[in-house]
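Below, read A as the first sequence line, B as the second, and so on, with proteins coming before strands; counting in each chain starts at 1. Values in this document were obtained by computation on a predicted structure and should not be read as measured data.
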Amino acid sequence: MAQTPRYRFAPSPTGYFHVGGARTALYNWILALQTNGVFVLRVEDTDDSRNNPQWTQGILDALAWLGIDSSDSHFEGPYFQSANAALHVAAAEKLFEQGKAYYCDLSTEDIQKRAKESGKQNERQGYDGYSRDRGLGPGAGHVLRFRVPEGSTIVQDQVRGEVVFDNSTIEDFVLLRSNGSPVFLIANVVDDITQGITHVVRAEEHLPNAPKQQMIWRALGHEPPSWAHVPVLVNEQRKKLSKRRDKVAVEQYRQEGVLADAMKNYLMTLGWAPTGDTEIVPFQKIVSEFSLSSVNHSPAFFDIIKLQSFNADYIRAMSLGDFIAACEPWLLGEKAPWLAEKFDAKVFAEIAPLVQTRVQLLQEVPSMVDFLFCDLPTIDDVSYAKAFSTDWAVPTLVAIRDGFKTCEWKAESLKGVVDKVGEQNSLKLGKLQAPLRVAVTGRSVGPPLFEPIEVLGREVTLKRIDAVLVKKVS
RNA sequence: GCCCCCAUCGUCUAGUGGCCUAGGACACCACCCUUUCAAGGUGGCGGCACGGGUUCGAAUCCCGUUGGGGGUGCCA
């Protein structure tokens, strides 16, 4: 009987959780779902200098947002690497006892100096194996290094196939720092072994670590896992997405009103594509179709414009009720640009269908409806200048106002009033409505005009028109 | 420098030797629809990096060149 596949995602909490990490997590998650395996979450929190509990919580929240959390039986963890430090050290010491690792007292400066003096940098890279046979034991200032064997190391990668590394190009890397603490290379492997990980799926930047880690697995007496190194995500400069330079925080996209489903779907089209002629597909289809062997080998550009397009698609596909519910965080509370008591859910519900086809991000919703919940709209200067640049703007607006005073207060009738003024002045509705729109909404673009005007009511509408006419005169 | 990975429209991709005068999506442009803006519809622009092979036949296989990327820490 084949053992249950155990995948893992091992982020380090050193900053906002980023989209590249989200994609790697998604890969592992989908694979676990697909094989009825396990997704192990392990937080690699061993870098005290950069660690922060806040980041850990951010990772947990973001994963949960994407639907990856303990409410699903395939999820296991989170484990914290820092809790296993003793195991890491013990494993390293075992390697020392077996002669598979040795201590060295050279400092980083010493190593650089030796490398420079020898002139050759291709052998054992920076470190030349100086202490291999000096028989040093542990001690102050001593690091433990892995004794890289002769020969070559073949990494079987599910994305890239066979990748061969000549061991002579791999230096005797550090296992234990001079302060006795284990480094990533061994901590990661020991945790994978103790957690029974069978499949390591991670970003390509780890490919050079694979031969080293594979050697550790074997030295520790275990068969290495199945490896898969997926291409990295890059920015427009084709550089690996970086936390400091690029907009990469999953949380930030979430706050702007990107839907989790849209984010998941978009992320999965980077380096891979579902069958059929559309990339926008249900997550279930992705789960059933995804395979590592069909993942592309080259880096993919994280295109925010396309993400937004996906998001707009997902927004339009929502039921009206779901859309209204999804808008809530931007309508109520601090994010809303109006006074809480001014907001009227019923009014919003009426205009919501008109808003739904017009936003790409949920955060754009308030600006489409704010004129309904403010006393007087804030007039956008550019829109105003443009709308009132013609000599007919004021007279026609006055005529419209007069018509509004007495007409039936229904969208069709209101439109009728404006149509009539248009006929009298030989102006098309498209042009004629501009000054009215600016007066009522403050902007030159927005949802269809007459429905909101009906909702606003006669008194408020006339007040706004008058306010703009006064502004024009002054 | 050294090691490794990669190479289809601007971008994300389909394509696994004949179905390819290379398909879709985003972006862009035009037109239609239209109450501005969207949405929707129709159409357009635009690509197999280059050079050698292999083969009856290559975007697909091999080699080289060029170009990108990743790594090269007592970070993870």
Side-chain angles (χ1 to χ4, degrees), chain A residues 10-14 44-47 49-51 81 104 106-108 111 120-123 125-126 141-145 155 157 159-160 163-166 168-171 173-185 187-188 203-211 229 231-232 234 236 238-240 266 269-280 293-294 296-303 305-310 312-313 316 354-360 368 383 387 411 415 418-419 422 428-434 436-438 441 443-451:
Chain A
S12 57
T14 54
E44 305 214 326
D45 56 346
T46 51
D47 183 353
S49 62
R50 295 197 298 159
N51 260 351
Q81 185 160 71
C104 175
L106 254 39
S107 67
T108 306
I111 293 165
K120 53 176 182 176
Q121 283 150 326
N122 52 341
E123 289 285 306
Q125 304 229 4
H142 294 193
V143 299
L144 183 67
R145 286 180 179 274
V155 172
D157 189 287
V159 171
R160 283 150 218 288
V163 185
V164 182
F165 295 86
D166 184 339
S168 69
T169 65
I170 301 173
E171 69 175 352
F173 51 90
V174 170
L175 259 19
L176 253 31
R177 301 187 183 94
S178 55
N179 68 4
S181 66
V183 303
F184 159 77
L185 252 13
N188 187 264
E204 189 190 357
E205 64 208 69
H206 284 294
L207 188 52
N209 292 326
H229 292 90
V232 293
V234 297
E236 46 277 84
R238 301 242 123 225
K239 299 283 187 201
K240 190 176 73 165
Y266 175 65
T269 64
L270 262 23
W272 181 81
T275 60
D277 58 4
T278 174
E279 296 174 310
I280 296 187
S293 59
S294 59
N296 268 190
H297 296 187
S298 38
F301 170 51
F302 184 77
D303 186 352
I305 301 293
K306 190 163 178 181
L307 199 215
Q308 290 183 353
S309 168
F310 269 50
D313 220 284
R316 277 179 249 124
L354 302 177
V355 175
Q356 198 173 355
T357 57
R358 267 162 256 259
V359 293
Q360 291 205 303
M368 305 245 28
S383 300
K415 179 169 181 287
V418 179
D419 278 336
K428 289 206 171 179
L429 189 54
K431 288 195 165 201
L432 187 57
Q433 53 101 46
L436 175 62
R437 176 179 291 283
V438 171
T441 72
R443 298 188 180 85
S444 57
V445 298
L449 240 198
F450 301 107
E451 291 82 353

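Taking atom C1' in both A27(B) and C45(B), one finds a spacing of 12 Å when rounded to whole Å. Distance check on atom C1': G15(B) versus A7(B) gives 15 Å, rounded to whole Å.
Residue Lys428(A) has no polar side-chain atom (N or O) positioned under 4.0 Å from OP1 or OP2 of U36(B). Considering only side-chain N and O atoms, Asn209(A) lies nowhere under 4.0 angstrom from the phosphate OP1 or OP2 of A76(B). When the side-chain nitrogen and oxygen atoms of Arg238(A) are compared with OP1 and OP2 of G70(B), none of them lie within a distance under 4.0 Å. At least one side-chain nitrogen or oxygen of Thr46(A) sits closer than 4.0 Å to the OP1 or OP2 atom of A76(B).
If Phe310(A) and Glu451(A) are placed on RNA chain B by their nearest nucleotide, the residue sitting closer to the 5' end is Phe310(A).
In this structure, the side chain of Asn296(A) does not engage the main chain of Ser298(A) through any donor-acceptor pair within 3.5 Å. Arg358(A) contributes a side-chain N or O that, together with a main-chain N or O of Leu354(A), makes up a donor-acceptor pair within less than 3.5 Å. No side-chain donor-acceptor contact under 3.5 Å links His229(A) to the backbone of Val159(A). Within the 3.5 Å criterion, the main-chain N or O of Ser309(A) finds no donor-acceptor partner in the side chain of Tyr266(A).
Residue Val418(A) is out of contact with every strand shown, counting any heavy-atom pair closer than 4.0 Å. Among the protein residues, Leu207(A) comes within range of the sugar-phosphate backbone only, with heavy atoms under 4.0 Å from sugar or phosphate atoms but none that close to a base. Among the atoms of the strands shown, none is found under 4.0 Å from any heavy atom of Pro211(A). Nucleic acid contact for Ser298(A): sugar-phosphate only, since backbone atoms but no base atoms lie under 4.0 Å from a heavy atom of the residue. If you check every strand for non-hydrogen atoms under 4.0 Å, Glu279(A) touches a base. Lys239(A) comes within contact range of the sugar-phosphate backbone alone, with a heavy-atom separation under 4.0 Å but no base atom that close. Within 4.0 Å of Ser178(A), counting heavy atoms only, lies at least one base atom of the nucleic acid. Counting non-hydrogen atoms under 4.0 angstrom, Ala300(A) reaches the backbone sugars and phosphates but no base. Across all strands, Leu175(A) comes closer than 4.0 Å to no nucleic acid atom at all (heavy-atom distances). When heavy atoms are screened at a 4.0 angstrom cut-off, Arg443(A) is found touching no nucleic acid atom at all. Phe165(A) comes within 4.0 angstrom of the backbone, heavy atoms only, and of no base. Val163(A) comes within 4.0 angstrom of sugar-phosphate atoms only, judged by non-hydrogen atoms across all strands, and of no base. Among the atoms of the strands shown, only primed sugar atoms or phosphate atoms (P, OP1, OP2) are found under 4.0 Å from some heavy atom of Gly271(A). Note on Ser444(A): a base of the nucleic acid sits closer than 4.0 angstrom, heavy atoms only.
Residue Lys306(A) places a side-chain atom within donor-acceptor reach of the base of A25(B), judged by atom type and a 3.5 Å distance cut-off alone.
In this structure C33(B) sits in no base pair that meets the Watson-Crick or G-U test at under 3.5 Å. Across every strand in view, A7(B) sits in a pair with U66(B) that passes the Watson-Crick or G-U test at under 3.5 angstrom. Here C2(B) sits opposite G71(B) as a Watson-Crick or G-U wobble pair (both hydrogen-bonding atom distances under 3.5 Å). Pairing of U55(B), defined by two Watson-Crick or G-U wobble distances under 3.5 Å, is not identified with any nucleotide.
Rounded to an integer number of Å, the gap from CG of Leu270(A) to P of G24(B) is 21 Å.
In this structure, Lys306(A) and Phe301(A) have side chains that are not in contact, with every pair of non-hydrogen atoms separated by 4.5 Å or more. By the 4.5 Å heavy-atom criterion applied to side chains, Lys415(A) and Leu429(A) are counted as neighbours.
Comparing U13(B), G70(B), C74(B) by their closest approach to the side chain of Arg145(A) singles out C74(B).
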